[in-house]
Protein chains: 2
Amino acid sequence: MEEENHAQSESYAADITSIREAKVRISPYIHETPVLTSQSLDYIARKQLYFKCECFQKGGAFKIRGASNAIFSLSDDQAAKGVVTHSSGNHAAAVALAAKLRGIPAYIVIPKNAPKCKVENVKRYGGQVIWSEPTFQSRESFAKKVQQETGAVMIHPFNDKYTMSGQGTITLELLEQVPEIDTIIVPISGGGLVSGVTLAAKAINPSIRILAAEPKGADDAAQSKAAGQIITLPETNTIADGLRAFLGDLTWPVVRDLVDEILTVDDAAIVDAMRMCYEILKVAVEPSGAIGLAAVLSDQFQQSTACKDSKKVGIILSGGNVDLSVIWESFAK
Amino acid sequence: MEEENHAQSESYAADITSIREAKVRISPYIHETPVLTSQSLDYIARKQLYFKCECFQKGGAFKIRGASNAIFSLSDDQAAKGVVTHSSGNHAAAVALAAKLRGIPAYIVIPKNAPKCKVENVKRYGGQVIWSEPTFQSRESFAKKVQQETGAVMIHPFNDKYTMSGQGTITLELLEQVPEIDTIIVPISGGGLVSGVTLAAKAINPSIRILAAEPKGADDAAQSKAAGQIITLPETNTIADGLRAFLGDLTWPVVRDLVDEILTVDDAAIVDAMRMCYEILKVAVEPSGAIGLAAVLSDQFQQSTACKDSKKVGIILSGGNVDLSVIWESFAK
């Protein structure tokens, strides 16, 4: 166990120490979010489910954990010229909010197809919006340009030690709230959330199973895991606007080595899960946030060997920023 | 203080002792619901707001507290022939659920205009539905008929010592979670919730201010308080389907003597508050549940002397059972 933890800390960008440091650093700026349970959903899933409600987090998503950890780790000199990032929305709002808390400017590159409510969050927190095309390449090149012009520090949405460590603080909270959890289901996109959550969980209890949930229309992580190398896709097609990014060189090794399985679900199942969150849990969850519930209900999980050994399943409801019109139109289909 | 508590216990149907007993009795059957906060809403309200989320309670509303207290207080002989009640929905589902937990039949009289999602809750918990006309008189006469035919025990939705005491357990939890609260805003209808909450709060700390929130289209409690006697209305007209009942002879004395003020809000303000709960808190709240937020934002409160002395305000989000179509159509207006 000692050796295993030591090996981890040498191999990956973040570790349990950086995650524990993150918790101390960010605790003045974030909510400790509650865990909700529902006998009705337990009955449907045939498991005891523990919903970690990051939709109630500041800014409406877990992203403030990583963003505040990265921004409050900067020296005053580094922070002086501000920060820049690119994001479809939740990381953008989180960087804007954390920068506001630190009193420095935030430049936010946002793809044109980002949900309106997420863009409004960025503006409400005082972030300066720069529009890009809706591709990852366009986002990155716009952000680099802003970085060169302003001298702002790049706060990467996932491929960064501090971002990953901040997201990992969810595990510390969750395992304090429900120590007996044996499985955690985490949405996967660029891998910042899943890698932080996984590194913390496996360090605390190596037997905890980590399942990553991914939309079928953006299944690069499942393909990467199968191929043993990072696979990117020419395009993605999913309602889960927060799950369209691809793995980075810092997050991929964690996914490759420590994530036990990747479950892929289609958009119809994601919408069904959103509806159940709304109607049964009484929680507004965005499509990317509901995917964990969709995954635990999927045939892929229910018929797997992992399912047999899972009794108490933590599900990270990662965010709640969804335009009501999106919910309504999805449910009406 | 000693004398005051003693006077209370002689004067009203419930008291801090019956409420503490209720807490012990019902704790195996209910959730301890979380308290959420939002800096955005604090900014809008110019107060520190603490949202007690009874929408996450079993059955989706606070009603299981009173119903389970009443049903688990029955002797085996009393319970054998089952229980009966009449309710627009949340109390109905709570009685069905508590009866199921006790293993006895539940006969539920429901007015024809009750929301579909609430009726489905009753059926899901195994309650036997008897339809009545949408008037309080029709509800009561149908319930009495069932009572005579079956020998079932009537579980009154509000005008009952055990129901009132169960609802009062919310205060015990809330003041443990946020001891520094100086004001609590509670929806008022038949008065079961507000009387239980008030009796507990004033016994623990007589300086806690209790404000009851009522729809303008069903303002019988405000009229009663002004007249010094129970006033009933020929009809009610409000989107808040849970707030259409009138005070009973056990709840009225508490409202008359101990509730500090009644705030009335119109349906448009209730819908605005529902939207804020959904978009900012990420919580699905029914119209009756959102009225406390509407009240704290109302001119009537913001311009009152009570407002000046209120710093930390507890708001009871009493329930979350709302058909999505109701939300959507309300927001679209």
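In what follows, chains carry the letters A, B, and so on, assigned in the order in which the sequence lines appear, proteins first and then strands, with residues in each chain numbered from 1. Note that the coordinates shown come from a computational prediction; the quantities given were computed from them, not determined experimentally.
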Original post:
Side chains of B:Phe56 and A:Phe51: closer than 4.5 Å at any heavy-atom pair?
Top reply: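 Side chain of B:Phe56 against side chain of A:Phe51, heavy atoms only: no contact under 4.5 Å found.
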Subject >> Interface residues of residues 31-46 of chain B facing chain A - non-hydrogen atoms under 4.5 Å apart >> reply: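 So far as heavy atoms go, B:His31, B:Pro34, B:Leu36, B:Thr37, B:Gln39, B:Ser40 are the residues that approach chain A to under 4.5 Å.
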Subject >> Interchain contact, A:Asn321 with chain B, by part (heavy-atom threshold 4.5 Å) >> reply: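 Contact with chain B involves both backbone and side-chain atoms of A:Asn321.
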**OP:** Taking ring-ring contact (aromatic ring centres under 6.0 Å, His included) as the test, write out the residues that go with B:Phe72, two or more places apart.
**Re:**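 Scan of B:Phe72 (ring-ring contact (aromatic ring centres under 6.0 Å, His included), adjacent residues dropped) gives B:Tyr29.
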Subject >> Which residues share a ring-ring contact (aromatic ring centres under 6.0 Å, His included) with B:Tyr107, sequence neighbours left out >> reply: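 For B:Tyr107 there are no ring-ring contact (aromatic ring centres under 6.0 Å, His included) partners, ignoring immediate neighbours.
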**OP:** Please round to the nearest 0.5 Å and tell me the distance separating atom NZ of A:Lys282 and atom CD of B:Glu286.
**Re:** 8.0 Å
**OP:** Only counting residues at least two apart or in another chain, list the ones meeting side chain to side chain contact (heavy atoms under 4.5 Å, CB included) with B:Lys311.
**Re:**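 Checked B:Lys311 against side chain to side chain contact (heavy atoms under 4.5 Å, CB included); matches are B:Asp182.
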